[in-house]
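Everything on this sheet refers to the single structure shown next.
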Amino acid sequence: MSEHKWPAEWQEWAEASRATFPNAQSSLMPFLHRVRTQRGWLPPEALDAAADLLGMTRQHVDSVVSFYTLFRSEATGRRTVHVCLGLSCMMAGADTLMENLEQDLGIAEGQTTRDGAVTLLEAECLAACDLAPACQVNLVYRGPVAPEAYRELLEMPVPEPDAWAPPTTPEAREATHRG
Amino acid sequence: MGSALPNRHYLLRQRDVADVHQLAVYREHGGYTALQQALQANQPDQLVELAKASGLRGRGGAGFPTGMKWSFLPKDGRARVLVINADEGEPGTFKDRELIEGNPHQLIEGMIITCFAIGAPESYVYIRGEFLHGYERLTAAIREAEEAGILGEHVMGYDFSHRMFVYRGAGAYICGEETALLESLEGKRGNPRSKPPFPAVAGLYGRPTVVNNVETIMNLPPLVLEGADWYRQWGTEKSPGLKVMSVSGHVNRPGNYEVPLDWTLAELIEAAGGVRTGHAVKAVIPGGSSMPCMPASQLDTPIDYESLVQAGSMLGSGGCIVMDDSTCIVRAVARVVRFYRNESCGKCTPCREGTYWLTDIMDRLERGDGEMRDLDTLLDVSDNINGKAFCALGDAAVGFLVSALKHFREEFVEHITGQRCPLGARQYDTVNH
Ligand SMILES: Cc1cc2nc3c(=O)[nH]c(=O)nc-3n(C[C@H](O)[C@H](O)[C@H](O)COP(=O)(O)O)c2cc1C
Ligand code: SF4
Ligand code: FES
């Protein structure tokens, strides 16, 4: 029944995840990671697909997704900038770095630019305090990033989602355009 | 004075050997000979004894003796599982990331030796979701090992087979707690489990499970090659060996330092280039933000587990955060309690509600809107979390706060009476918040 419903690669990934881990329950997070990398976030159809392809309830999928910060079910830009505001980074000026980014992008932490290019997020200690202030752009480390050198984060080349999912519903678009 | 530094690195091998993350290079430099020796000797129990004799203790935070942990596995014939904790989220700690990225084969070798010792046909690495580079390095190394016959059926041709899996977390500090980690590894929300049963009896999918930290297990290959006495040349009777300390904050050369456990905090800070030029140390958190801070007057304390406990703190994960005299302690505490509020899993009331209240009060104090009675409330709320929460995150949330109130109370009071930060930290750092 699920054969034609979902993109072929999602079906492959679901099967691969189930084959990789001896216990099928453990296949959910690996599957979600692959879709997240491809789409930039987890659009609603990805959550339906996970439930369907892995034989779980959508409720269970939602409860897992909502627990982990890297699993975002809210529209997210092509480039996600995580600025670490942990103690060691704070002592190195991370708050000023965050403010400079907010001003330049015209959005607040937690928001996405109007064109969907950048989502700006606060991170807790990224286990890179030797690089304080440390950041990640699409999970690629960068640091130390001096507060005035914030543009590095917007310009450095990073792998981007190869099939980025723009927000689909008017509500989701509104959420994305909050900035 | 602590013991002399060895003339090479035993864990951070990448500092001495370029490209040691590649199998060929790792093998050229003696990699996998310890595993071969262990398999050849074919005496798994002797390996457990070796771990015990060395005095090696867990590097994930609690410092539990590793060999003893392995011997708690029930002898009931069930297959065991080893799970490696690579979730490294303790603020101030960044050693496991560097170890995995730079020296993944030593982790794999240590894991196979451990699994041979405890009788585990399968092992898992639970790696922090943000460690994309580390994940890629580790999975590539596992592929190399599989292709070389080091993993899979008949490891290196011996009568032992082993499969290794890597599982990515997805952003949740609590998943570093071992039972929350197991929940997450089973594809669920990372809420801690009640103990007992302990993982040794019923862990991953109900199987007898050992959870060990990355650094802990990376000690095995050199231990097998060199022996317990060699390991005991460093450190103290109860805290022997070398430890990778992450030093960050106001030092000239932040980074990881592999040092003997009988060094003092002052020696460690000196190794990291000393405190920022023109400043003096004000406070140090020796073991990650979950541990109490120590004032500059205690810098002569050795970093072994016992000495730090005696001095009112703990070695924890070895994340040493150095704060110089420009640091506003109130602001630092506010940042740390907010971390625990953000990361509380919400399962139990003392932690969920308590960290919320602490954050609220600390923010008020930092803004200069605090009142004297807030200081009593902070201690009251801390009392209601400490020892009363479901897992150790609760205690962790109040360690820095309570110690800061003890050592730097006057600074809290100045924020209240002066209605502002006496150091001007807030004005400098948080213009718009
Ligand atoms: C809130 C919390 C977070 C933890 N995070 C980690 C972690 O990131 N890495 C780790 O190895 N241990 C962490 N621990 C400790 C583990 O529960 C466990 O004791 C450790 O992984 C055991 O390994 P070891 O005996 O080799 O140290 C954490 C504990 C708590 C309570
Ligand atoms: S102490 Fe905090 S993190 Fe631990 S179970 Fe309770 S709410 Fe969750
Ligand atoms: S505090 Fe920012 S990486 Fe640790």
Side-chain angles (χ1 to χ4, degrees), chain A residues 17 20-33 36-37 54 56 60-61 63-72 82 84-96 98-99 102-103 108 122-132 134 136 138-141 144 147 159, chain B residues 88-98 122 128-133 163 165 167-173 175 184-191 204-205 246-250 253-256 285 289 319 321 323-324 326-327 331-332 335-336 338-339 342-343 345 428-433:
Chain A
S17 303
T20 305
F21 289 95
N23 195 309
Q25 251 180 285
S26 298
S27 59
L28 175 60
M29 288 176 58
F31 175 78
L32 294 174
H33 266 302
R36 186 194 59 77
T37 306
L54 302 173
M56 300 164 176
H60 176 71
V61 174
S63 83
V64 171
V65 166
S66 63
F67 191 82
Y68 300 95
T69 56
L70 290 183
F71 292 150
R72 285 173 57 90
H82 277 108
C84 176
L85 298 184
L87 178 55
S88 297
C89 288
M90 180 190 93
M91 293 194 296
D95 290 333
T96 312
M98 179 64 105
E99 282 158 19
E102 288 177 332
Q103 269 174 22
E122 151 181 358
E124 292 296 356
C125 177
L126 286 168
C129 328
D130 49 338
L131 306 177
Q136 282 197 321
N138 291 0
L139 302 188
V140 176
Y141 278 105
Chain B
E88 197 169 52
E90 175 69 18
T93 316
F94 45 92
K95 66 195 175 63
D96 297 336
R97 178 179 57 78
E98 186 173 354
E122 274 176 16
R128 185 170 171 180
E130 287 85 350
F131 288 0
L132 181 58
H133 182 51
R163 292 180 70 191
F165 305 93
Y167 187 95
R168 294 179 70 191
Y173 166 68
C175 289
S184 180
L185 189 39
E186 291 184 5
K188 297 181 247 171
R189 294 165 71 87
N191 293 121
L204 187 66
Y205 306 125
S246 301
V247 188
S248 70
H250 295 138
R253 284 195 307 274
N256 286 315
I285 303 178
S289 73
I321 306 170
M323 293 170 263
D324 72 16
S326 73
T327 314
R331 184 165 151 67
R335 180 66 276 261
V336 168
R338 177 181 295 271
F339 168 78
N342 291 349
E343 297 298 334
C345 83
Y428 166 71
D429 250 333
T430 56
V431 196
N432 296 329
H433 286 280

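Chain naming here is simple, since letters A, B, ... match the order of the sequence lines and numbering starts at 1 in each. Just so you know, these numbers use all the heavy atoms, side chains as well, and skip hydrogens, waters and symmetry mates.
Heavy-atom distances place both the backbone and the side chain of Leu87(A) under 4.5 Å from chain B. Looking at His60(A), the atoms closer than 4.5 Å to chain B (heavy atoms on both sides) all sit in the side chain, from C-beta outward. For Asn342(B), the part sitting under 4.5 Å from any heavy atom of chain A is the side chain, from C-beta outward, and nothing else. For chain A, the nearby part of Leu185(B) is the backbone; its heavy atoms alone come within less than 4.5 Å. Using a 4.5 Å cut-off between heavy atoms, Leu32(A) does not touch chain B at all. Residue Ser246(B) does not touch chain A at all, counting heavy-atom pairs closer than 4.5 Å. The contact between Thr93(B) and chain A is made entirely by backbone atoms, counting heavy-atom distances below 4.5 Å. In this structure, chain B has a heavy atom under 4.5 Å from the side chain of Gln136(A), while its backbone stays farther away. Within the 4.5 angstrom heavy-atom criterion, atoms from both the backbone and the side chain of Phe339(B) approach chain A. Residue Ala128(A) touches chain B through both its backbone and its side chain, counting heavy-atom pairs closer than 4.5 Å. Neither the backbone nor the side chain of Arg253(B) comes within less than 4.5 Å of any heavy atom of chain A. The contact between Arg97(B) and chain A is made entirely by side chain atoms (from C-beta outward), counting heavy-atom distances below 4.5 Å. When heavy atoms are compared at a cutoff of 4.5 Å, Ile285(B) approaches chain A solely by way of its side chain, counted from C-beta outward.
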Show your reasoning for whether side chain to side chain contact (heavy atoms under 4.5 Å, CB included) applies to Ser248(B) and Asp130(A). CA-CA 6 Å; Ser248(B) 70; Asp130(A) 49 338; 5.9 Å; no
Criterion side chain to side chain contact (heavy atoms under 4.5 Å, CB included) on Cys175(B) and Tyr68(A), from CA distance to verdict: CA-CA 10 Å; Cys175(B) 289; Tyr68(A) 300 95; 3.8 Å; yes
Is there a side chain to side chain contact (heavy atoms under 4.5 Å, CB included) between Asn23(A) and Leu204(B) once you walk through the steps? CA-CA 10 Å; Asn23(A) 195 309; Leu204(B) 187 66; over 6 Å; no
With side chain to side chain contact (heavy atoms under 4.5 Å, CB included) as the test, would you mind laying out the steps for Asp95(A) and Arg331(B) before giving the verdict? CA-CA 12 Å; Asp95(A) 290 333; Arg331(B) 184 165 151 67; 2.8 Å; yes
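Remark: Glu130(B) engages Arg128(B) in a salt bridge (charged side-chain N to carboxylate O under 4.0 Å, His left out) (not counting sequence neighbours).
One distance of note links CE of Met29(A) with CZ of Phe71(A); it measures 4.5 Å at 0.5 Å rounding. A distance of 8.5 Å separates CD in Glu343(B) from OH in Tyr173(B), rounded to the nearest 0.5 Å. To the nearest 0.5 Å, the span separating CG on Asn256(B) from SG on Cys129(A) amounts to 9.5 Å.
Ranked by heavy-atom pairs under 4.5 Å with chain A, the list Glu88(B), Arg168(B), Lys95(B) is led by Arg168(B). No other option in His250(B), His133(B), Arg338(B) has as many heavy-atom pairs under 4.5 Å with chain A as His250(B). Note on Ser27(A), Cys89(A), Ser63(A): by heavy-atom pairs under 4.5 Å with chain B, the leading option is Ser63(A). Chain A forms the most heavy-atom pairs under 4.5 Å with one residue out of Gly187(B), Ala172(B), Ser184(B), Ala170(B), and that residue is Ala170(B). Ranking Ser289(B), Gly255(B), Gly169(B) against chain A, the residue ahead of the rest is Gly169(B), based on heavy-atom pairs under 4.5 Å. Comparing Cys345(B), Gly319(B), Gly190(B) by heavy-atom pairs within less than 4.5 Å of chain A, the highest count is held by Gly190(B).
Proximity of Val140(A) to Pro159(A): side-chain heavy atoms (C-beta onward) are separated by under 4.5 Å at one or more points.
Taking the six-membered ring for Trp and thresholds of 30 and 60 degrees, Tyr167(B) and Phe21(A) have ring planes more than 60 degrees apart, a perpendicular arrangement.
Heavy-atom minimum distance, Leu70(A) versus Arg36(A): O-CD, 2.9 Å. The shortest heavy-atom contact between Ile321(B) and Pro91(B) is CD1-O, 3.8 Å.
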